[in-house]
Structures are given as structure tokens and as C-alpha cells.
There are 2 protein chains.
Amino acid sequence: MVMTMAVDRKEKVIRAAEKTFASFGYKATTMDLVARLADVGKGTIYTFFTNKEELFYEIMNQFIQRIKKIATNAIHDEDSFFVNLHRALYSMLELRKEHQLTIKLTQEFREVGTAQAEKALADIEDAILGFMEEFISKAAAKGELKACDPKVTAFVILRLYISLVFDWEMHHSPLSSQEIADLFELYLVHGLKK
Amino acid sequence: MVMTMAVDRKEKVIRAAEKTFASFGYKATTMDLVARLADVGKGTIYTFFTNKEELFYEIMNQFIQRIKKIATNAIHDEDSFFVNLHRALYSMLELRKEHQLTIKLTQEFREVGTAQAEKALADIEDAILGFMEEFISKAAAKGELKACDPKVTAFVILRLYISLVFDWEMHHSPLSSQEIADLFELYLVHGLKK
DNA sequence: TTATGACCAAATGACCAAAATAGTCATTTT
DNA sequence: AAAATGACTATTTTGGTCATTTGGTCATAA
């Protein structure tokens, strides 16, 4: 029962911290506010986490787990490798795109260059790359695509998707999931050669 | 003869300004230093350019002309569309990569977020995109590649190249021109499908 | 007529007092 | 006894100031 209380408090701290990080970013979030929002003493936070950074990375880790789960759920055995890859990637990027904390961190990194924000964003990218690499390796072993370096391939495909999902929107009207799937099909599945 | 003198001075100003912009960036370059380096009075600069910004864009325009020339020279009629596209793109990005002023502007935009630096870099990208778009349109008309939107295609290919030439190096050992050509061939020309 | 640099209003950034903050630990609560 | 707390402190950040620097002008010189 005592244990349950402690876990409850830890959860409350994490949720409160997630909210404040998402609102103000890493730099501008104060431990005082987190404590007040979680309705615990400031000292209590430091019984769960050694410092602000560790609390922050706990939240990011939880988010990365969520991303991995979503990607895994997007894989349906009855579909082809390429359909599955598109669905997994698209759902991961949609999650990332809508995730308030990630949005805030992107903004904070661009504006202030906070190192923690940069590392957190790199960690998310690495998680996505890791998932893709494994998925590509498996498919390559099964002969579902040409021989290729899974690392470079994952990197190239992710870049293509990020370009289409995020960068394209900056100067043009956004592309739908179907349009992106079609472009993926055209450029990377079949190639441009007639 | 009088005209020649004026052009000479203008050229001297441009060369001096290019040097200082490349050393200190847009923000930290003073018109006083440019004038001293060009060995003209400060007022003289303002007989050629209405302000610092215009002088800067004159320099950037000259660089964009150079890029276009290099790309045009990379096109050899005896080679295929894809070989030509790779050579043109690779030489443009190599020029961009080694160009001191562009390097400085990239750094300045990342660190200080100077608006002029951002605009100049966007202008370079637009020039490259414009060239590619035209080249792709022509090839599409000749039936050398599948039907595709030249704008999106140029955008996607440029992104792929930038990823491979610049971004990949940030976490891995750099790829040679031949390796990039091979990857371009694999991913975008023939596609990943077996 | 053309080039110049002394000059000026505006922008900048060095400086510093005041405020805010991460993390600690003696005290209180359970 | 164990867990929670918030007052406290060393350090960082902020906001405001003012001397210095800078882009741009224009009366003078060549």
C-alpha cells in the first residue's frame, strides 16, 4: 500500500511535468511549478529523479515506447512489406506531428538551441530509424526487396517521408496519406525509370 | 573610360564585401570594413548599392549564376538523363558545400537566425530546384522517365541528395560521389521492389 | 561630376543589480 | 522510522542602462 502511494505520486509528477514541458519547453519549465501542479513538495520529486534532466528523459522514453507500439500495431501480416512500411511510418510521423511536447521541443531547439531538446528529438528519430531498420532487415531476408544496406535505406526512406510530411507543407498545401503513399510507391518502390 | 573606372570600383567593392561576408557573416560585417578593404570611401559604396542588403544580394546573385553555369556544364548530351542529373546535382552541392560564404551563412542562420542569411540560403535552394524542375520537365516530355509532377520530383530528389551529401555525414563516414550515384540508382531510378 | 569621410540617428551589446531557479537538507508529518 | 516537505542557498537568468558601434547621409574636396 505504501508502495502504491509512492508510484501514484511518481505518476502524478510525471504527468504534471509532461504538461509543463509541453507548455513551456525544457528550459522555461521550473521544478517549482511541476511540484505545485503535481501537488507534491519539491523535494519529493528528487526522491524519484536525481535531477530535472532525468525526469525529462523518463517522459521522453515513455513517448518513444508509445511510438514503437503504434508502429508495431500498424504492421498487419496480410499486407505487403511496402504497405506495412508506409502505414507504420505514416502513423509514427503523425503521432510525432501531433505530440505537443515534441512540437514544443522542435520550436525550442530552433529558437534557443537547447541541447536537451536537440538530444530528445534525435532520440525520437533514432527510435524510428531503429524500428525501420529491423523491419527492412527482416523483409530483405525474406527477399521482399532488393539487396540494400538497411541502415542507409531506413535513413533515406525516413528522410523522404519527413520531406513529404513536414517540409513540403512549408511552401505548398499538405499531402494526404494516400498521396504520400503514391509518391512513396512511385519514387522508392518502382523507381522513376520508364 | 570614366565608366570603366566606375565598374572597376564596383567590382572592388563586391569582391571586398564577399570576402568580409564570408569571414564574418551578414550581421557582423561592417560597411566601414568593406570600404577600407575595397580602398574606397564608404559613401562610394552607396553610389552603387542603396544599402547593405542590396550589396549582399548582388553577391548572392553572382553565386547563383555560377551554380546554374556549373549545372549546365555538367549536362553532356551523350549521357543518359539520370547520369546527367546526378552529375549536375552533385556538382551543385559540392560547390555549395565548399563555398565559404554559404558555409558562413548556414552557420549564422543556425546560431543567430539572421533573416538575410535564411533568405539567401532559400534563394540558392530555389535556384537548384528551378534548374532541376526544368531538366526533369524536358526529360519527362521526351519520355525518359515516368509521368510525375516535376515540382515534387525535383523537391524529393534534392532532399535525397542533401540527406546523402550533408546529413548522412553527421553520424556516419561520408559517401563518395560514386556511392551516392549508386544509391540514387537503387532508390530512385529502379526502386526497391524486387 | 564624382568620390569622400566627418557626422548623426538608430541599433547594439557590455554591464550589473535584481529576480528566478535547481537542488539540498533540517524539520514536520504520517 | 520512513516519507514528505518547503525554506534556504549558490548559481543562473533577466531586464534595464548607457557608452559604443554602425548604416547611411551629405557638405566638401578633388
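Bear in mind that the values here come from a model prediction, so they are computed numbers and not experimental data. Below, chain A is the first sequence line, B the second, and so on; all start at residue 1.
The nearest whole Å value for the distance from the CE atom in M31(B) to the C1' atom in dG5(C) is 14 Å. Atom pair D32(B):CG and dT25(D):P shows a separation of 15 Å (rounding to whole Å applied). One can place NZ of K12(B) at 18 Å from P of dT2(C), the figure rounded to the nearest angstrom. Between the CD atom of E54(A) and the C1' atom of dG23(C) there is a distance of 13 Å, rounded to whole Å. Remark: P of dA4(D) and CD1 of I45(A) are 12 Å apart, rounded to the nearest angstrom. In this structure, Y46(A) atom OH and dC8(D) atom P are separated by 18 Å, rounded to whole Å. Atom C1' of nucleotide dA3(C) and atom CG of D39(B) are separated by 12 Å, given to the nearest angstrom. Between F24(B) atom CZ and dT22(D) atom P there is a gap of 11 Å when expressed in whole angstrom units.
Relative to the six-membered ring of F49(B), K10(B) meets both conditions, a distance below 6.0 Å and an angle of at most 45° to the axis.
Picking from dT5(D), dT4(C), dG24(D) the nucleotide with the shortest atom distance to the side chain of N51(B) gives dG24(D). Minimum atom distance to the side chain of T44(A) is reached by dA4(D), of the listed dA3(C), dG24(D), dA4(D). Which of dG23(C), dG24(D), dA4(D) sits closest to the side chain of K52(B) comes down to dG24(D).
Side-chain atoms of K42(A) and base atoms of dG23(C) include a donor and an acceptor less than 3.5 Å apart.
Phosphate contact (OP1/OP2 of dT22(D), side-chain N/O of T30(B), threshold under 4.0 Å): absent. Taking only side-chain nitrogens and oxygens, R36(A) never comes nearer than 4.0 Å to OP1 or OP2 of dT5(D).
Residue-environment remark: NZ (K69(B)) stays at or below the threshold of 12 foreign heavy atoms within 6.0 Å. A 6.0 Å sphere centred on CD of Q107(A) holds more than 12 heavy atoms belonging to other residues, nucleotides or ligands.
A salt bridge links E169(A) and K97(A); the closest N-O separation between the charged side-chain nitrogens and carboxylate oxygens is under 4.0 Å.
Nearer the 5' end of DNA chain C, as judged by each residue's closest nucleotide, is the contact made by A28(A), out of G43(A) and A28(A). Both K27(A) and V40(A) sit near DNA chain D, but only V40(A) has its closest nucleotide nearer the 5' end.
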* Apply side-chain hydrogen bond (donor to acceptor under 3.5 Å, both in side chains) to the pair Q178(A) and D182(A), showing each step before the final yes or no. => CA-CA 6 Å; Q178(A) 188 55 53; D182(A) 291 343; 3.0 Å; yes
